Amino acid sequence: MSQEKKQLEQQLNAGVSGGSDLPPPYEQPRFVGYAQPSTVVPPSADVIPLRTWHSDIFGCFEDLPFCLLTYFFPCVGEYIVAKKANLTGYGLAIVACYIFNFLLLMLFYSTQFIAAYNDRAELLPTSFILYLMLCFLIIFAYLALATLVRFKIRRMRNIVGSSVEDCCWIYWCAPCATCQHNSELNFMENERQFQRA
């Protein structure tokens, strides 16, 4: 019995638990207070710094012909900008929104004329509500597409801003924003020509 006791003591002293759930004893490491060396990453040539728009949002009159074109025919201005930014599909979709809205307007006025001519006043509220619903849907589609074009131009040029800001500028002043896009893309083209020379 004393030999078993000696073996058990030797096992405990050696760190073997001998069936118990206690972990083996160990010595805690000592930490010396020193600072980790910081790694500084040198700026890469691939990193493009954030920029601002080349022209102000209300700098519409810098290019007066484009400003007037955009004011009277916004879909044409949006298409030109989308084509310059290689986003022709978005430009065509915006033009389609305007054409569809114009056709709906003609359809609405023709149904109003026919209903008034035939003394069928009960058609007026129904067609008006349907027209309003479709117009709001088309206007929403236009705003979404124009905001997407602005977002893509801003990302392409690495311009400071947010999607909410893009949406607000398109909603509150779409012709001014379109002129700003055109000015930015013209500036980008001039930069490329200058770099080639």
Side-chain angles (χ1 to χ4, degrees), residues 43-113 128 130-197:
S44 171
D46 297 338
V47 176
I48 301 171
L50 289 176
R51 313 171 187 219
T52 58
W53 290 96
H54 173 66
S55 64
D56 190 36
I57 189 77
F58 298 114
C60 308
F61 298 111
E62 292 174 5
D63 185 2
L64 191 58
F66 188 80
C67 176
L68 294 173
L69 175 76
T70 303
Y71 184 76
F72 290 109
F73 303 103
C75 60
V76 176
E78 287 282 352
Y79 176 75
I80 290 171
V81 164
K83 189 171 182 179
K84 282 182 181 179
N86 294 328
L87 301 170
T88 308
Y90 294 107
L92 290 174
I94 288 170
V95 170
C97 285
Y98 275 98
I99 291 172
F100 193 58
N101 210 3
F102 177 75
L103 292 175
L104 275 177
L105 183 64
M106 293 298 110
L107 177 69
F108 172 70
Y109 282 122
S110 65
T111 56
Q112 296 301 323
F113 178 73
F128 182 69
L130 178 64
Y131 170 73
L132 280 180
M133 287 172 48
L134 288 173
C135 277
F136 282 129
L137 182 66
I138 292 169
I139 288 169
F140 178 76
Y142 159 73
L143 290 174
L145 287 168
T147 301
L148 195 57
V149 167
R150 182 175 175 90
F151 173 76
K152 291 201 177 262
I153 290 172
R154 191 171 51 77
R155 292 288 300 266
M156 176 175 49
R157 296 286 292 154
N158 205 24
I159 295 173
V160 178
S162 68
S163 299
V164 174
E165 186 179 274
D166 294 342
C167 188
C168 289
W169 281 122
I170 292 296
Y171 181 77
W172 293 112
C173 196
C176 294
T178 304
C179 289
Q180 187 182 36
H181 304 160
N182 186 55
S183 175
E184 186 68 32
L185 293 170
N186 287 340
F187 181 73
M188 181 179 76
E189 186 59 35
N190 290 341
E191 272 185 340
R192 285 182 184 163
Q193 289 176 357
F194 181 72
Q195 288 174 354
R196 287 181 199 150

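All values derive from a computational prediction rather than experimental measurement.
- Rounded to the nearest 0.5 Å, atoms CD1 (I159) and CG (L50) are 10.0 Å apart.
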Identify all side-chain donor-acceptor contacts of residues 189-197 below 3.5 Å with residues at least two apart in sequence or on another chain.
unit_1, atom_1, unit_2, atom_2, d
N190, ND2, N186, O, 3.4
E191, OE1, R157, NH1, 3.2
E191, OE1, R157, NH2, 3.3

What side-chain donor-acceptor pairs closer than 3.5 Å can you find for residues 133-156, not counting sequence neighbours?
unit_1, atom_1, unit_2, atom_2, d
T147, OG1, L143, O, 2.7
R150, NE, D166, OD1, 3.3
R150, NH1, Q180, OE1, 2.9
R150, NH1, H181, NE2, 3.0
R150, NH2, Q180, OE1, 3.1
R154, NE, D166, OD1, 3.3
R154, NE, D166, OD2, 2.9
R154, NH1, G161, O, 3.1
R154, NH2, D166, OD2, 3.1

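- Of all heavy-atom pairs spanning W53 and V160, the tightest one is NE1-O, 4.5 Å.
- The backbone N or O of H54 sits less than 3.5 Å from a side-chain atom of E184, completing a donor-acceptor pair.
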Please table the atom pairs, donor to acceptor, closer than 3.5 Å between any side-chain atom in residues 55-78 and protein atoms at least two apart or in another chain.
unit_1, atom_1, unit_2, atom_2, d
S55, OG, S183, OG, 3.2
D63, OD2, N182, ND2, 3.4
T70, OG1, F66, O, 2.8
E78, OE2, T178, OG1, 2.7

